[in-house]
Undergrad: 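Before I ask anything, here is the structure I am working with.
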Amino acid sequence: MDTFLLTTKSKNPYDEKRLLEQNKRVQRVNNAPEDFPSFVQEGFEVKVVASENFVKRDSGLIYRDFEVVDAYSQKNHRATRTASVVFRQEKFVNLIPANLVSFHYIGYNESGRHIDSTYLQGRPAKIRFGINGLVPGFEEGIGDMRPVGKRRIIIPPELGPHVGPSTPFSTKQFEVFDVELLHVKDCQRRTIGFYSDIVCN
């Protein structure tokens, strides 16, 4: 059963059902993945409709874990597939600014259309965490993931990228990312004489 994660009451249930059906048809045309959320426009607000496997944070970020790796499995490089609800109360060790993270992702717009993918680029993304190199919602979304974990992140407009004529984004909207965290490396600054660089192990 679907659950409404952003609660704004619909004035006309019939209209909402019709919009949801239309939304799903568009997603099928765009080959959106299974359990992709729906977005229903209500005036100036957008309602997110997603399955009960998703979790919403106070920031507005919504996510679902598809694969979560416990300490034993991570050590032995085995991913454990499980429902995210099992891990909602588990405390994770967050990534820190000194970490170099490597990950794959597929980005979608509200209609389920692909907008970007590292898989198509043929190589994962690599970036130092915590230096404002990522969209705020994306950084929050992967901040408590573990290597080999897989997660779907729904980023609200307030946590999304900047919008304007000098950016690729013309309007504020929700964005959806499927993320696979591959590796996390610790980085430290090394200074030799007058030379300084960052070394990641």
Side-chain angles (χ1 to χ4, degrees), residues 1-10 20 23 27 32-42 44-71 74 79-99 101-112 115-116 125 127-163 169 171-182 184:
M1 176 177 284
D2 286 343
T3 178
F4 297 92
L5 297 175
L6 294 185
T7 55
T8 49
K9 244 181 186 179
S10 175
L20 283 174
N23 197 304
Q27 289 180 11
E34 184 180 353
D35 202 22
F36 194 83
S38 292
F39 302 89
V40 179
Q41 185 80 36
E42 291 189 347
F44 294 103
E45 295 189 6
V46 176
K47 178 190 290 185
V48 180
V49 184
S51 72
E52 59 186 8
N53 292 320
F54 284 83
V55 180
K56 183 182 178 184
R57 292 182 176 168
D58 292 340
S59 65
L61 185 83
I62 303 169
Y63 71 94
R64 174 188 174 182
D65 284 316
F66 289 98
E67 290 188 4
V68 181
V69 183
D70 59 31
Q74 184 175 334
T80 303
R81 182 177 294 275
T82 182
S84 63
V85 66
V86 178
F87 288 86
R88 286 181 183 177
Q89 301 303 320
E90 182 172 349
K91 185 176 181 181
F92 291 96
V93 178
N94 291 346
L95 297 174
I96 60 175
N99 290 149
V101 293
S102 175
F103 54 89
H104 272 301
Y105 69 86
I106 304 175
Y108 309 88
N109 62 16
E110 292 179 0
S111 66
I115 56 176
D116 196 8
I127 194 166
R128 286 186 64 201
F129 189 79
I131 59 171
N132 299 320
L134 295 169
V135 170
F138 194 98
E139 187 160 294
E140 179 185 342
I142 69 171
D144 59 355
M145 289 182 68
R146 290 175 175 170
V148 199
K150 295 183 179 181
R151 173 177 289 183
R152 178 165 295 157
I153 303 168
I154 305 174
I155 302 176
E158 58 269 23
L159 296 178
H162 295 294
V163 173
F169 305 95
T171 60
K172 281 189 172 292
Q173 62 173 317
F174 283 83
E175 294 182 334
V176 182
F177 289 92
D178 286 342
V179 184
E180 178 184 4
L181 186 63
L182 301 175
V184 178

Undergrad: Between CD1 of I127 and OG of S102, what distance do you get to the nearest 0.5 Å?
TA: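 The OG atom of S102 is 11.5 Å from CD1 of I127, to the nearest 0.5 Å.
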
Undergrad: In plain terms, say whether R64 and D178 are close enough for a salt bridge, that is, a side-chain N and a carboxylate O under 4.0 Å apart.
TA: no

Undergrad: Kindly indicate, with the supporting measurements, whether the criterion side chain to side chain contact (heavy atoms under 4.5 Å, CB included) is fulfilled by V40 and L20.
TA: CA-CA 7 Å; V40 179; L20 283 174; 3.5 Å; yes

Undergrad: So which atom in D144 and which in R151 form the shortest heavy-atom distance, rounded to 0.1 Å?
TA: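 Looks like OD1-NH1, 2.6 Å.
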
Undergrad: Hey, does the side chain of E110 reach the backbone of F174 with a donor-acceptor pair shorter than 3.5 angstrom?
TA: yes

Undergrad: Could you measure the distance from the CZ atom of R128 to the CG atom of L134? Nearest 0.5 Å is fine.
TA: 12.5 Å

Undergrad: Per the side-chain contact (heavy atoms from CB on, under 4.5 Å) rule, which among E140, R57, R152 passes with Y63?
TA: R57

Undergrad: Please report whether the ring centroid of F138 lies less than 6.0 Å from that of F103.
TA: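 Ring centres of F138 and F103 closer than 6.0 Å.
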
Undergrad: Return the orientation label for the F177 and Y105 ring planes: parallel under 30°, perpendicular over 60°, tilted otherwise.
TA: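 Taking Y105 first and then F177, their aromatic rings stand perpendicular (interplane angle over 60°).
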
Undergrad: Could you please spell out the steps behind the side chain to side chain contact (heavy atoms under 4.5 Å, CB included) verdict for V48 and I62?
TA: CA-CA 9 Å; V48 180; I62 303 169; 4.1 Å; yes

Undergrad: Search all heavy atoms of P136 against all heavy atoms of G160 and return the closest pair with its distance.
TA: CD-O, 3.9 Å

Undergrad: Does the side chain of L61 reach to within under 4.5 Å of the side chain of L159, using non-hydrogen atoms?
TA: yes

Undergrad: Under 30°, 30 to 60°, or over 60°: which ring-plane class applies to Y108 and F36, parallel, tilted or perpendicular?
TA: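 Plane angle over 60°, so perpendicular.
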
Undergrad: Do S111 and Q27 meet the criterion of a side-chain donor-acceptor pair at a distance under 3.5 Å?
TA: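 Side-chain D/A pair, S111 to Q27: absent.
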
Undergrad: N109 and Q173: side chain to side chain contact (heavy atoms under 4.5 Å, CB included), yes or no, with the steps?
TA: CA-CA 8 Å; N109 62 16; Q173 62 173 317; 4.1 Å; yes

Undergrad: Could you tell me which non-hydrogen atom of I153 sits nearest to which non-hydrogen atom of I142, and how far apart they are?
TA: CD1-CG2, 4.0 Å

Undergrad: Consider side-chain contact (heavy atoms from CB on, under 4.5 Å). Of V101, V184, L182, which one does P147 pass it with?
TA: V184

Undergrad: Quick check: do I154 and F39 have side-chain heavy atoms less than 4.5 Å from each other?
TA: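 Heavy-atom side-chain distance check passes, below 4.5 Å.
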
Undergrad: For the atom pair NE2 (H104) and CD (E180), what is the distance rounded to the nearest 0.5 Å?
TA: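 It is 6.5 Å, given to the nearest 0.5 Å.
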
